[in-house]
J.: 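Here it is: the structure, laid out below.
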Amino acid sequence: MGELNIENHARYILSVEKKKDSFESVVMEHLRLNGAYWGLAALDIMGKLDAVDQDEVVSWIRQCQDESGHKEGLQNQAPILKVSTSTQAIQHVELPYGGFGGNIGHDPHILYTLSAIQVLALFDKIDVLDAEKVSNYIAGLQNEDGSFSGDMWGEVDTRFSYIALCSLALLHRLDKINVEAAVKYIVSCKNLDGGFGCTPGAESHAGQIFCCVGALAITGALHHIDKDLLGWWLCERQVISGGLNGRPEKLPDVCYSWWVLSSLIMIDRVHWIDKKKLVQFILDCQDKENGGISDRPDDAVDVFHTYFGVAGLSLLEYPGLKPIDPAYALPVDVVNRVFLHR
């Protein structure tokens with residue numbers, strides 16, 4: 001079957017940050033905080049997080065936080081565009097500062113805010129955050145219908161619902177939002193095939209399904225899911241090579257080893273796929289000489305697919321890897337530590 005080359009993968013992840021002028025580094029400039037989460041989480045799963053200078057990373061993350069209201073002597077508010085569900089009119093609502101950008105000086109977004117929280121959780125450093133300020137920023141993104149916008153520009157997506165709920169749960173601040181409305185909105189995005197889309201009526205997609213199932217798992221609302229119907233849709237994502245795709249008739253991709261597999265685990269239907277063939281598919285996507293994992297065999301590797309390949313193998317209980325929580329996308333010991341600190 002082959003083996004996971006942990007040493008090479010750890011060396012590859014650590015090398016990416018050092019190559020500031022590389023193509024991969026330049027194109028990731030705007031989402032470096034996401035990249036930090038992918039790389040550091042993979043290192044932790046492989047037992048290699050000690051190779052990182054934690055203080056340096058934490059210092060950089062804190063510089064990614066939006067403090068513009070304080071810097072400019074303005075009120076601690078910024079405008080956000082929201083659509084009123086009653087009038088369908090665009091409203092300007094005040095949004096608290098405190099979210100994180102993808103890099104220093106970049107605009108805040110809920111996507112990067114979760115990555116900041118997750119990385120700090122890996123290092124057991126969540127307490128460096130002003131949890132009230134960050135949770136107020138996230139709560140300010142909830143709309144009247146329970147959905148969440150990603151940032152001040154008002155885009156709505158079930159990804160942001162998951163991110164908001166996951167972030168607030170890790171901060172112990174779920175009471176800041178209307179959880180019932182958030183769950184109701186997610187359920188409204190459920191389709192006849194059992195899957196979920198990014199908005200009501202949108203096509204089912206494995207990535208969105210993870211977001212919705214994960215959000216419902218975090219809020220104790222998995223009873224809204226038809227587990228057999230969704231399980232059938234998800235297990236149909238496995239193709240002849242053993243890999244998983246995100247939608248019917250698409251090519252397999254290592255990242256769906258996370259999106260599909262974690263969802264199957266949360267609804268207790270993971271036994272419906274061939275785990276051995278999926279393990280082999282992921283291992284076949286390794287660059288055995290230089291480290292890293294690609295989307296498909298013989299393609300170029302990147303940190304994103306390296307993380308989701310390693311995370312998928314963790315879900316498959318591959319030897320030598322720390323177990324990962326399928327809802328919070330963090331190692332189980334990290335999640336346990338976060339919730340023991342309540």
J.: Would you mind reporting whether Ile110 and Asp151 have side-chain heavy atoms less than 4.5 Å apart?
T.: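 No. Closest side-chain heavy atoms not under 4.5 Å.
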J.: Would you confirm whether Arg159, through its side chain, and Gln208, through its main-chain N or O, come within 3.5 Å as a donor-acceptor pair?
T.: no
J.: Looking only at non-hydrogen atoms, find the nearest pair between Val303 and Gly35 and report the distance.
T.: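 That closest heavy-atom pairing would be CG1-O, 3.9 Å.
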J.: Could you grab the distance from atom CG of Leu141 to atom CG of Asn136, nearest 0.5 Å is fine?
T.: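 These two atoms lie 11.0 Å from each other.
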J.: Considering only heavy atoms from C-beta outward, does the side chain of Leu315 approach that of Pro326 to under 4.5 Å?
T.: yes
J.: Between Ser257 (side chain only) and Gly309 (backbone N and O only), is there a donor and an acceptor less than 3.5 Å apart?
T.: no
J.: Is the charged tip of Arg62 near the ring of Trp60: under 6.0 Å from the six-membered ring centre and within 45° of its axis?
T.: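 That pair does not qualify as a cation-pi contact.
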J.: Quick check on the hydrophobic clustering: are Val156 and Leu165 connected, directly or via other members, by side-chain heavy-atom contacts under 4.5 Å?
T.: no
J.: Spell out, yes or no, whether Trp259 and Trp232 are grouped together once hydrophobic residues are joined by side-chain heavy atoms under 4.5 Å, including indirect joins.
T.: yes
J.: Find the distance between CG (Leu31) and NE2 (His109) and round it off to the nearest 0.5 Å.
T.: 11.5 Å
J.: May I have the step-by-step check of side-chain contact (heavy atoms from CB on, under 4.5 Å) for Leu40 and Ile13, ending in yes or no?
T.: CA-CA 8 Å; Leu40 294 168; Ile13 292 169; over 6 Å; no
J.: Considering only heavy atoms from C-beta outward, does the side chain of Val338 approach that of His172 to under 4.5 Å?
T.: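 The answer is yes, as the side chains (C-beta and beyond) meet within the 4.5 Å cut-off.
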J.: Under the side-chain hydrogen bond (donor to acceptor under 3.5 Å, both in side chains) test against Tyr307, which residue among Tyr37, Trp258, Trp38 passes?
T.: Tyr37
J.: Are the side chain of Asp193 and the backbone of Gly195 linked by a donor-acceptor contact shorter than 3.5 Å?
T.: yes
J.: Which heavy-atom pair separates Ala300 from Ser294 by the least distance, and what is that distance?
T.: O-CB, 3.3 Å
J.: Are side-chain heavy atoms of Ile324 and Ile45 found at a separation under 4.5 Å?
T.: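 Yes - at least one pair of side-chain heavy atoms lies under 4.5 Å apart.
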J.: Between Gln142 (side chain only) and Ser161 (backbone N and O only), is there a donor and an acceptor less than 3.5 Å apart?
T.: no
J.: Is Ser135 reaching over with its side chain to a backbone N or O of Arg173, donor-acceptor style, under 3.5 angstrom?
T.: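 It does not hold such a pair.
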J.: Treat each ILVMFWY residue as a node, draw an edge where side-chain heavy atoms are under 4.5 Å apart, and state whether Leu229 and Leu244 are in one component.
T.: no
J.: Backbone N or O of Asn8 within a donor-acceptor pair of the Asn5 side chain at under 3.5 Å?
T.: no
J.: Would the Phe196 and His205 ring centres measure less than 6.0 Å apart?
T.: no
J.: Looking only at atom types and distance, does a side-chain atom of Asp325 sit under 3.5 Å from a main-chain N or O of Tyr328, one as donor and one as acceptor?
T.: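 Side chain of Asp325 to backbone of Tyr328: a pair is present.
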J.: Under a single-linkage definition using a 4.5 Å side-chain heavy-atom cutoff for Ile, Leu, Val, Met, Phe, Trp and Tyr, are Met266 and Phe339 assigned to the same hydrophobic cluster?
T.: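 Yes, same cluster.
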J.: Compute whether any side-chain donor of one residue and acceptor of the other, for Asn103 and His106, lie under 3.5 angstrom apart.
T.: no
J.: Could you check whether any side-chain N or O of Arg11 sits under 3.5 Å from a backbone N or O of His9, counting only pairs where one atom can act as donor and the other as acceptor?
T.: no
J.: For Asp299 and His305, test the side chains for any donor-to-acceptor distance below 3.5 angstrom and give the result as yes or no.
T.: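 There is no such pair between these side chains.
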J.: Are Tyr256 and Phe281 near enough that their ring centres are under 6.0 Å apart?
T.: no
J.: Donor-acceptor pair, distance only, cut-off 3.5 Å: does the side chain of Ser59 make one with the backbone of Glu56?
T.: no
J.: Could you check whether atom CG of Asp127 has more than 12 heavy atoms from other residues, nucleotides or ligands sitting under 6.0 Å from it?
T.: yes
J.: Does any part of the side chain of Leu4, heavy atoms only, come nearer than 4.5 Å to the side chain of Leu321, both counted from C-beta?
T.: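 In contact.
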J.: Is any side-chain N of the basic residue among Arg269 and Asp228 closer than 4.0 Å to the acidic one's carboxylate O?
T.: yes
J.: Cut-off 3.5 Å, no hydrogens considered: what does the side-chain donor-acceptor table look like for residues 179-187, sequence neighbours left out?
T.:
none

J.: Supply the atom-to-atom distance Ile209 CD1 to Leu230 CG, rounded to the nearest 0.5 angstrom.
T.: 5.5 Å
J.: Looking at every non-hydrogen atom in both residues, tell me the closest pair between Lys48 and Ala10 and how far apart they are.
T.: CG-CB, 3.8 Å
J.: So, do Thr199 and Thr158 sit near enough that their side-chain heavy atoms are less than 4.5 Å apart?
T.: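 Side chain of Thr199 against side chain of Thr158, heavy atoms only: no contact under 4.5 Å found.
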J.: Please find the pair of heavy atoms, one from Pro96 and one from Gly140, that lie closest to each other, and give the distance.
T.: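 It is CD-CA, 4.4 Å.
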J.: First locate atom CG of Leu278, then atom CG of Leu283, and finally report the distance between them rounded to the nearest 0.5 Å.
T.: 9.5 Å
J.: Salt bridge between Asp274 and Lys276, side-chain N to carboxylate O under 4.0 Å?
T.: no
J.: Can you run down the ring pair (Phe, Tyr, Trp, His ring centres under 6.0 Å) pairs that involve residues 123-151, sequence neighbours left out, and say none if there aren't any?
T.: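 Residue pairs with at least one partner in residues 123-151: there are none.
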J.: Does Lys125, at its NZ atom, have more than 12 non-hydrogen atoms belonging to other residues, nucleotides or ligands within less than 6.0 Å?
T.: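 No, not enclosed.
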J.: So, Glu317 and Lys275, do they make that salt bridge, N to O below 4.0 Å?
T.: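 Lys275 and Glu317: not salt-bridged.
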J.: Can you tell me how far apart CD1 (Ile61) and CZ (Phe100) are? Round to the nearest 0.5 Å.
T.: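 Going from the CD1 atom of Ile61 to the CZ atom of Phe100 covers 7.5 Å.
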J.: Are any non-hydrogen side-chain atoms of Pro248 and Trp233 less than 4.5 angstrom apart?
T.: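 Side-chain contact under 4.5 Å: yes.
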J.: Who passes side-chain contact (heavy atoms from CB on, under 4.5 Å) against Cys235, sequence neighbours left out?
T.: Trp272, Ile273
J.: Hey, is Asp268 close enough to Lys227 for a salt bridge, meaning N to O under 4.0 Å?
T.: no
J.: Please tell me whether Val332 and Tyr318 are part of a single hydrophobic cluster in this structure, the criterion being side-chain heavy atoms less than 4.5 Å apart.
T.: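 As far as the 4.5 Å side-chain criterion goes, Tyr318 and Val332 are not connected within one cluster.
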J.: Taking the six-membered ring for Trp, is the centroid-to-centroid distance between Phe210 and Tyr162 below 6.0 Å?
T.: yes
J.: Return the CD1 to OG1 distance between Ile293 and Thr306, rounded to the nearest 0.5 Å.
T.: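 It comes to 5.5 Å.
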J.: Is the closest side-chain heavy-atom distance between Gln65 and Tyr97 below 4.5 Å?
T.: no
J.: Please name the pair of heavy atoms, one in Thr113 and one in Ile138, separated by the smallest distance, quoted to 0.1 Å.
T.: CG2-CD1, 4.1 Å
J.: Is there a donor-acceptor pair under 3.5 Å between the side chain of Arg337 and the backbone N or O of Leu122?
T.: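 Here the side-chain-to-backbone pair exists.
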J.: Quick check: closest heavy atoms across Leu33 and Ala116, and the distance to 0.1 Å?
T.: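 Nearest pair, atom of Leu33 first, then Ala116: CD2-CB, 3.9 Å.
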